[in-house]
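A short write-up of the structure that comes next.
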Amino acid sequence: MKIDNSYDLVIVGSGPAGMSAAVEATKQKMKALVLDDQSSAGGQVYRNVIHNRNIKAGLSFLGKDYWFGLNLADEFESSSVEVSTQSRVWQISEDKKVFFSRNGKAFCVQAKFVLIATGAMERPMPIPGWTLPGVMSVGAAQTLLKINGSGADGAIFAGTGPLFYLTIWQYIMAGFEVKAVIDTAPSKLSLSAYLWAVPALLQINLLLRGAKWRSYIRNQCQYFSAAHSVSIVGTGVAQSLCFTDNKGKKQTISGEHFFIHQGVVPNINLTMATNLQHRWSKRQLCWHPCTDSFGESSVLGIFVAGDGMGIAGAGAAALSGKTAIKRMAKYTKSRLSISLVLSKLRRAKQIAIRPFLDTVFKPPRDWLVPTDDTAIVCRCEALSKADIAAAIKLGVSGPNQLKSFCRAGMGRCQGRMCGLTVQNMIAEHNKLSEKEIGYFRLRPPIRPLTVGELAALAEHDTSS
């Protein structure tokens, strides 16, 4: 496809928020470009839904919520936006120039507005053994189901959270044997959880669905609740999972395939590198871009939508994408309209359940910072907890200074898999809050970039 030099709007990501935004942009008659690094729209939630349309009956185990995304995907495909798949965005400037690479060439387009809808990523889970072959995240296990219905019999699941239960339920419904489920959620609700349960009743259908999944799982496989001190051991490959059950008894379960999960967090590498202001969320234990109620960031004209602005789920993500576009359309006029107010109210209902879920499924401390000194924290540089702790003891005051001592956060993932753990370790050692410690200072490009791609960008600039 031919890429123009300028657009009214550039949308980064085509998950629920990005697709919904594209549909609304068509209604507002905006010239828009959608950039996504996958081969088709859908994001993680609706991954591969367009390609799976013709085999829907064979993938019915994915559930009604997944297939609901097909309606949104059909609207997206019928919209007037230009779509560039397999496009990796690696920089957005404050003057709203968007840089991306596709098929070995880099491009730059100028936008009047930018919507960042890069969604969420799984929280780092630095338990002992998480880097061994045979260990995958629950999100990865679900991705395989959505791509081609593949999975592994005899798998052992450890962790907790809505995605955790959903994926196990999908696994069982797909006909795969689940050997054991080790649930790390506490067996009793805290007082704050009971308080947050009141607004959560606005989404009682989701609460009942989650309870149904959990009950079904308990009846279908070996199930352990309120587990803690989880570790994976093996020589060369993962061979068994060890934990302490709710009665204080140490348990060991052998296996070949282990799937772990402790919730999701916003994917902030692009928003951080774009120099948007961020705030620390005590409830979700992660960083959120600072936005107004319409999704506009600290840089005028750059908006954030979906789980990238705070974990809220697919329904809320779609509404946030639509709300952001409606705000852009009213940008030079009054900030409020009946349509905008209604969109905000609908999203408020969608996110009413989140405080309850965040409280109930708060990650245990030993999943945030490993208790075992030999556990790997930075996968890219193969740094253990002991390696990083030794550097911190030299007087490190923050993640950026730590880079000079041990290279944590300087690998290909640019801190995605160790940033929150490193921050927690420094905060714990210095007896400060995570907010006071801060996060890695991320700079573009946020993805690996070749000299050839940069050369193509220079040629494009010269020809234009």
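Computed from heavy atoms alone, side chains included, the values below leave out hydrogens, waters and symmetry copies.
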Please check if the distance between the ring centroids of F361 and Y165 is under 6.0 Å.
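Yes, the ring centres sit under 6.0 Å apart.
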Quiz question: by atom type and distance under 3.5 Å, do the side chains of [X] and [Y] form a donor-acceptor pair?
X: Q38; Y: S14; answer: no
X: T160; Y: D183; answer: yes
X: T323; Y: R347; answer: no
X: S384; Y: D387; answer: yes

Taking the side chain as C-beta and beyond, is there a heavy-atom pair between F164 and I168 under 4.5 Å?
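Side chain of F164 against side chain of I168, heavy atoms only: contact under 4.5 Å found.
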Is there a side-chain contact between D372 and K385 (heavy atoms, below 4.5 Å)?
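When only atoms from C-beta onward are counted, K385 and D372 do not touch, as no gap falls below 4.5 Å.
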For [X], does the [atom1] atom sit with more than 12 other heavy atoms under 6.0 Å from it, leaving out its own atoms?
X: R53; atom1: CZ; result: yes
X: W196; atom1: CH2; result: no
X: K435; atom1: NZ; result: no

Side-chain ion pair, [X] and [Y], N-O less than 4.0 Å:
X: E428; Y: R365; value: yes
X: D292; Y: R327; value: no
X: D245; Y: K249; value: no

Qualifying residue for side chain to side chain donor-acceptor pair (under 3.5 Å) with W287, from E434, H278, Q423:
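For W287, the side chain to side chain donor-acceptor pair (under 3.5 Å) check succeeds only for Q423.
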